[in-house]
Amino acid sequence: GIKIVTIGGGSSYTPELVEGFIKRYHELPVRELWLVDIEAGKEKLDIVGNLAKRMIEKAGLPIEVHLTLDRRAALKDADFVTTQFRVGLLDARAKDERIPLSHGVLGQETNGPGGLFKGLRTIPVILDIIKDIQELCPDAWLINFTNPAGMVTEAVLRYTSHRKVVGLCNVPIGIEMGVAKLLEVDHSRVRVDFAGLNHMVYGLDVYVDGISVKDKVIELLTNPENSSFVKNIEGQGWEPEFIRALNVLTCPYHMYYYKSDEMLEKELKNFKEGTTRAEVVKKLEDELFELYKDPNLDIKPPQLEKRGGAYYSDAAVRLISSIYNDKRDIQPVNTINNGAIASIPHDSAVEISCVITKEGPKPLAIGDLPVAVRGLVQQIKSFERVAAEAAVTGNYDTALLAMTINPLVPSDKVGKAILDEMLEAHKEHLPKF
Ligand code: NAD
Ligand code: G6P
Ligand code: MN
């Protein structure tokens with residue numbers, strides 16, 4: 001039977017994942033699910049782990065659920081390892097959001113200085129996990145959901161020899177589902193050709209039953225109600241002339257780059273009112289865990305859909321199933337570029353539509369990105385590479401370089417002020433700089 005290990009098992013997303021394994025049990029016979037967490041997450045792990053057990057019992061499936069703080073014991077002979085952890089929990093996220101905003105710079109979980117620091121905290125942990133994997137389950141696939149997923153995948157590709165790694169984000173599947181809903185067709189009929197980077201991905205074309213509907217979808221993106229496909233970012237709509245000229249589908253995170261002022265203004269307003277996304281999520285999470293505690297609850301509660309990561313389980317479990325079953329279907333994931341996008345280094349991670357095989361994702365080569373988007377994608381890739389280097393080396397100058405070349409940071413001086421404050425604020429979770 002299949003052994004799955006989920007690191008960060010105390011996450012409120014775990015019931016989604018469990019629901020996914022239950023729904024696909026007929027094609028993906030999981031025997032053991034090990035949920036791993038750390039001391040700080042023990043209470044969450046217990047609550048969510050017991051809900052997982054009730055869900056599986058209700059489904060009548062022979063999946064054993066193990067809850068543990070011993071990562072190495074869990075990893076022994078695993079087939080798939082999924083990661084969904086948050087170093088420093090939501091308090092660290094609040095700092096990632098608030099410190100940049102206090103300097104008048106966008107504060108966001110995966111973008112700008114916040115994304116840099118989430119990477120600096122996360123990458124050393126991921127590299128440790130890879131060491132354990134190489135020793136205890138060298139043939140296991142690592143499916144990484146931990147943000148910043150693109151930068152984390154980049155770090156694994158460039159600083160380890162483990163090649164069985166896939167980075168996963170719910171944004172592409174969210175776009176496909178969202179487009180299907182707008183067009184009032186079933187999701188299975190919609191296909192988007194994705195290419196770019198994590199949270200910097202474009203839809204180069206979109207089809208219903210093989211016929212391009214790109215022009216129609218682009219018009220729909222001018223409506224604020226249709227322009228975001230995730231719950232954590234509010235849509236603002238695109239200027240019709242701009243989006244027509246861009247002529248590709250955007251992802252919600254593009255708003256931070258093409259609507260920087262408007263997005264910053266909104267975030268600053270939330271900041272002044274004391275509620276950046278971390279506080280909103282804290283409240284949501286408290287509500288969810290109250291529900292999870294109920295011994296009569298044995299399904300994933302619908303309230304989980306208020307989180308930005310909706311459809312994560314679908315994305316994760318269909319990916320694992322397609323690797324396991326060598327399905328060769330097409331899914332957008334983060335994987336090694338290998339020339340699929342000409343203007344991105346061969347050895348770098350890209351988010352792109354891939355054929356999913358037993359040997360892993362095979363990217364569908366696109367030639368190159370349209371010239372209007374190519375430069376921004378390259379700049380973000382440079383940021384991710386320099387940031388990953390800073391996380392691995394602990395070099396201060398490299399961290400400042402990453403900070404300053406990020407398009408959302410206005411100058412080296414402001415970057416340095418933010419860097420110094422964040423290094424101090426996060427020091428218990430960071431390598432030595
Ligand atoms: P969370 O705050 O609930 O954290 C999940 C768990 O990780 C906690 O129980 C915590 O104790 C545990 N943890 C922290 N450090 C750990 C370590 N070193 N080893 C093992 N466990 C550890 O987080 P969440 O809101 O559920 O999100 C989890 C992760 O998933 C975050 O990194 C988040 O950014 C990411 N995420 C990614 C996407 C995506 O599109 N890829 C979408 C949503 C969330
Ligand atoms: C999004 C993304 C994630 C992001 C998350 C935030 O859709 O794909 O990478 O971090 O949702 O959601 P949250 O509910 O935690 O703000
Ligand atoms: Mn994401």
Side-chain angles (χ1 to χ4, degrees), residues 6-8 11-13 16-17 20 80-86 93 108-112 114-115 118-119 122-123 126 141-157 165-179 187 192-204 228-233 249-257 277 281 304-305 307-320 322-323 330-337 340-341 344 348-354 356 360-361 363-364 377 380-381 383-384 387-388:
T6 298
I7 299 177
S11 162
S12 59
Y13 288 110
E16 274 229 11
L17 194 63
F80 292 91
V81 180
T82 73
T83 51
Q84 49 173 36
F85 59 88
R86 184 188 296 285
R93 176 172 178 178
Q108 212 275 330
E109 182 180 26
T110 60
N111 287 258
K118 194 165 180 359
T122 305
I123 288 169
I126 279 284
W141 279 94
L142 171 63
I143 313 290
N144 177 63
F145 189 62
T146 305
N147 272 319
M151 196 194 293
V152 168
T153 309
E154 183 77 18
V156 174
L157 290 175
V165 57
V166 188
L168 193 62
C169 174
N170 65 314
V171 161
I173 191 175
I175 293 176
E176 274 186 0
M177 306 276 268
V179 165
H187 175 213
V192 180
D193 289 337
F194 288 104
L197 308 179
N198 180 234
H199 293 189
M200 183 50 64
V201 75
Y202 295 87
L204 301 187
S228 173
F229 298 96
V230 288
K231 289 280 161 63
N232 57 308
I233 304 176
L249 308 197
T250 50
C251 85
Y253 288 87
H254 286 122
M255 285 187 273
Y256 294 120
Y257 299 87
R277 182 72 186 166
V281 168
L304 186 52
E305 278 161 28
R307 291 294 305 275
Y311 310 126
Y312 152 51
S313 75
D314 243 17
V317 182
R318 75 176 186 172
L319 172 63
I320 292 173
S322 290
I323 294 174
I330 295 169
Q331 300 182 25
V333 296
N334 290 265
T335 189
I336 189 162
N337 180 33
I341 305 176
I344 298 295
S348 273
V350 290
E351 189 165 279
I352 189 162
S353 297
C354 294
I356 310 296
L364 295 169
V377 172
I380 295 295
K381 179 44 71 186
F383 162 71
E384 287 180 355

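Using a 4.5 Å heavy-atom cutoff, the side chains of H187 and I173 are in contact. M177 places none of its side-chain heavy atoms less than 4.5 Å from the side chain of F229. Considering only heavy atoms from C-beta on, P363 stays 4.5 Å or farther from V350 through its side chain. Proximity of I320 to T82: side-chain heavy atoms (C-beta onward) are separated by under 4.5 Å at one or more points. Using a 4.5 Å heavy-atom cutoff, the side chains of L319 and L168 are in contact. Looking at F85 and I126, their side chains come closer than 4.5 Å, going by heavy atoms from C-beta outward. Counting heavy atoms from C-beta outward, R277 and E109 have side chains that stay 4.5 Å or more apart. Residues V317 and L17 meet the side-chain proximity criterion, which asks for heavy atoms closer than 4.5 Å.
At least one donor-acceptor pair closer than 3.5 Å links the side chain of N337 to the backbone N or O of I344. D193 places no side-chain N or O within 3.5 Å of a backbone atom of S353 that could act as its donor or acceptor partner. Checking side-chain atoms of E384 against main-chain N and O of E154 turns up no donor-acceptor pair under 3.5 Å. Between the side chain of K381 and the backbone N or O of A349, at least one donor-acceptor pair lies under 3.5 Å. No donor-acceptor pair under 3.5 Å is formed between the side chain of N334 and the backbone N or O of G150.
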From CA spacing to verdict: side-chain contact (heavy atoms from CB on, under 4.5 Å), R93, K118: CA-CA 8 Å; R93 176 172 178 178; K118 194 165 180 359; over 6 Å; no
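Put simply, CD on E16 and OH on Y311 are 9.5 Å apart, with the number rounded to the nearest 0.5 Å. The line from CZ of F80 to CD1 of I143 is 6.5 Å long, rounded to the nearest 0.5 Å. Distance check: N170 CG to Y312 OH gives 10.0 Å after rounding to the nearest 0.5 Å. Interatomic distance, K231 NZ to E305 CD, rounded to the nearest 0.5 Å: 6.5 Å. Between the OG1 atom in T335 and the CG atom in L157 there is a gap of 7.0 Å [rounded to 0.5 Å]. If you take CD1 on I341 and CD1 on I352, they are separated by 4.0 Å, rounding to the nearest 0.5 Å.
A perpendicular orientation is assigned to the rings of Y13 and F145, their planes being inclined by more than 60° (bins at 30° and 60°).
Taking all atoms of both residues into account, the shortest heavy-atom contact from P361 to I356 is CB-CD1, 3.9 Å. G119 and M151 make their closest contact through CA-SD, 3.8 Å (heavy atoms, listed as atom of the first residue, atom of the second, distance). Considering all non-hydrogen atoms of both residues, G308 and V230 come closest at O-CG1, 3.9 Å. Heavy atoms only, all atoms of each residue included: Q84 and T146 are closest at N-OG1, 3.4 Å. Of all heavy-atom pairs spanning P172 and P332, the tightest one is CB-CG, 3.4 Å. The two residues V171 and C251 come nearest to each other via the heavy atoms CG1-CB, 3.9 Å.
The ring pair (Phe, Tyr, Trp, His ring centres under 6.0 Å) with H199 is formed by just one residue from the set Y257, Y256, Y253; it is Y253.
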